[in-house]
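First comes the structure, then the notes that go with it.
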Amino acid sequence: MKERLLREFAERFGNAEGAQVYFAPGRVNLIGEHIDYNGGHVFSCTLDIGTYAVVRKRQDQRLFFYSMNYPDVGIINCSLANGLENDEEDGWANYPKGVIWAFGKRGMQPDCGLDMMVYGNIPSESGLSSSASLEVLTGWVLRDIFDFEVSDQDIAWIGQYSENEFNGVNGSIMDQFAIAMGRENHAIYLNAEDLSHRYIPIHLDGVQLVIACTNKERGLADSKYNLRRMECERAVADLQKAVAIEKLGELSQNDFEACQSAIEDPVCIRRARHAVTENERTIQAVEALESNDLDTFGQLMNDSHRSLRDDYEVTGDELDALVEAAWETEGVLGSRMTGAGFGGCTISLVRTDDVDNFIKKVGRSYRQQIGYPADFYICKIGGGPVKL
């Protein structure tokens, strides 16, 4: 891969002299969906697919960006000297631009421009955090090339800040944190409220992690993601008339059932119920994995999807078609949507001997129901960002 990338870089930028190659993984939520901004627990891991970058310094103040995934777009360029702004015409390049801008806001201004070529093998619009992977990757590049003194966790914060303020997506720290702090063959059990976390070893003996991509186009910025956050905030505001809480993650399921009548809007009741029950499921899922109980973990994945479908209403026909076909397929321990929803991907735990049949059967069912194919990825749990 490194040699291939350097050859491509040389074709686009004249030569590869002085160029460095970097990689940052994608990530997937094993369980714990739409609760990060509700102060709950998240359980995610990095993958062995992600985003690559070939980068070198320039002698001027220009930034040149090229993506192998969007060759028809060509090379996008802008100037450091004139200040960086989000430009809709720049598309994907607004993510690395945003991170460079955010570093500058922290007093870490690059002293020269860059040539940067990117290649990602994460399916776009998949819910596997391709944008966060690119943001963390850019942070790693800047730290290494310009010797900026920032920690991995700082890079996660800067990535989130750039996504919120430069790109206008109201996301939490979860995606960037999981990628920047990833550890091979471990998942991160993260308290989204205070960022305390533990690494949990993952032993998938005889079981594969299979990701199915709906191939439905979606965009977080114009989806119902921000609406769901607002509905949860309204639920908290109503609950605060009855109980002293700041976030839904502070409530147990029993606590919630005792006070849910304080929420005026029945829709907000359902949204809050998902957040509370998903937090408890995540806690139980970690306990199951620590006991090497993959069957219980799989059942909790199934329950998670039902809650996301019925109470949070973020699945849709495509994700439901994949998950429901998976539930009916031999060798599947559990399956659920992952990510923000409204398209994107599912994640399934499938016994190794049944993976080929799983892909064939679920793929056929999905195409019959939806009318176009899904893509499947057999993934391993990866590590954090690296310089290759």
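This one's a predicted model, so the numbers in the text were calculated from it and none came from an experiment.
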Review point. Salt bridge between D265 and R270, side-chain N to carboxylate O under 4.0 Å?
Key: no

Review point. Centres of the F103 and F148 rings: under 6.0 Å?
Key: yes

Check your understanding: Do S291 and E287 have side-chain N/O donor and acceptor atoms under 3.5 Å apart?
Key -> no

Point to revise | Aromatic ring pairing W101/Y161, orientation class (parallel under 30°, perpendicular over 60°, tilted between) | key: parallel

Exercise for review: Say whether, by atom type as modelled, one donor and one acceptor occur between the side chain of T214 and the main chain of E318 under 3.5 angstrom.
Suggested key: no

Check your understanding: Would D144 and Y22 count as having a side-chain donor-acceptor pair, cut-off 3.5 Å?
Key -> yes

Practice item. Verify salt bridge (Lys or Arg N to Asp or Glu O under 4.0 Å) between R229 and D36, making sure each step is shown before the conclusion. Key: CA-CA 10 Å; R229 293 188 67 143; D36 50 317; 5.9 Å; no

Revision key, fill the gap. Closest non-hydrogen atoms of F43 and L289, given as atom of the first, atom of the second and distance, are CE2-CD1, 3.3 Å

Exercise for review: Answer yes when E33 and R336 have at least one side-chain N-carboxylate O distance shorter than 4.0 Å, and no when they do not.
Suggested key: yes

Review point. Taking all non-hydrogen atoms of both residues, which atom of G32 and which atom of V42 are closest, and how far apart?
Key: O-CG1, 4.0 Å

Review point. Does the side chain of W327 reach to within under 4.5 Å of the side chain of H305, using non-hydrogen atoms?
Key: yes

Practice item. Carefully, step by step, assess R228 and D311 under the rule salt bridge (Lys or Arg N to Asp or Glu O under 4.0 Å). Key: CA-CA 11 Å; R228 291 296 180 273; D311 280 341; over 6 Å; no

Point to revise | D356 atom CG, over 12 foreign heavy atoms within 6.0 Å | key: no

**Study point:** Residues R7 and E11 bridged, charged N to O under 4.0 Å
**Key:** no

**Study point:** Shortest non-hydrogen contact between I179 and T46, atoms and distance
**Key:** CA-CG2, 3.9 Å

Review point. Is there a donor-acceptor pair closer than 3.5 Å between any side-chain N or O of K97 and the backbone N or O of N86?
Key: no

Review point. Less than 4.0 Å between a side-chain N and a carboxylate O, is that true for R198 and E290?
Key: yes

Point to revise | Q369 atom CD, neighbour heavy-atom count above 12 within 6.0 Å | key: yes

Check your understanding: Does the side chain of F297 reach to within under 4.5 Å of the side chain of V286, using non-hydrogen atoms?
Key -> no

Check your understanding: Should D303 and R306 count as an ion pair when the cut-off is N to O under 4.0 Å?
Key -> yes

Practice item. State plainly whether the residues R56 and D115 are in salt-bridge range, i.e. N to O under 4.0 Å. Key: yes

Review point. Of the options H274, E278, H34, which is the one that meets S307 in a side-chain hydrogen bond (donor to acceptor under 3.5 Å, both in side chains)?
Key: H274

Exercise for review: Please find out if less than 6.0 Å separates the ring center of H197 from that of Y199.
Suggested key: yes

Review point. Among side-chain atoms of T282 and N279, is any donor-acceptor pair under 3.5 angstrom?
Key: no

Point to revise | Residue M230 excluded, over 12 heavy atoms near CE under 6.0 Å | key: no

Check your understanding: Would E313 and R271 pass as an ion pair if we require N to O under 4.0 Å?
Key -> yes

Review point. Going by an N to O cut-off under 4.0 Å, is there a salt bridge joining R58 and D60?
Key: yes

**Study point:** Within 6.0 angstrom of K380 NZ, more than 12 heavy atoms from elsewhere
**Key:** no

Check your understanding: Is R4 positioned over the aromatic face of F9, cation under 6.0 angstrom from the ring centre and no more than 45 degrees off axis?
Key -> no

Point to revise | Side-chain touch L349/L209, heavy atoms, less than 4.5 angstrom | key: yes

Practice item. Answer yes if the side chains of S252 and N254 hold a donor-acceptor pair under 3.5 Å, and no otherwise. Key: no

Check your understanding: Does atom CD of E165 have more than 12 heavy-atom neighbours, drawn from other residues, nucleotides or ligands, at distances under 6.0 Å?
Key -> yes

Check your understanding: Is C345 close to M337 at the side-chain level, that is, under 4.5 Å between some pair of heavy atoms?
Key -> no

**Study point:** Polar contact flag, side-chain donor to acceptor under 3.5 angstrom, N94-D87
**Key:** no

Revision key, fill the gap. Note: E231 and V267 closest approach over all heavy atoms is OE2-CG1, 4.0 Å

Check your understanding: Donor-acceptor pair, T352 side chain versus G206 backbone, under 3.5 Å?
Key -> yes

Point to revise | Main-chain N/O of R273 paired to T277 side chain as donor or acceptor, under 3.5 Å | key: yes

Point to revise | Nearest heavy-atom neighbours spanning A242 and A262 | key: CB-CB, 4.0 Å

Practice item. Output yes when R309 and D320 qualify as a salt bridge under the 4.0 Å nitrogen-oxygen rule, no when they do not. Key: no

Check your understanding: If every non-hydrogen atom of L239 is compared with every non-hydrogen atom of C259, which pair is closest and at what distance?
Key -> CD2-O, 3.4 Å

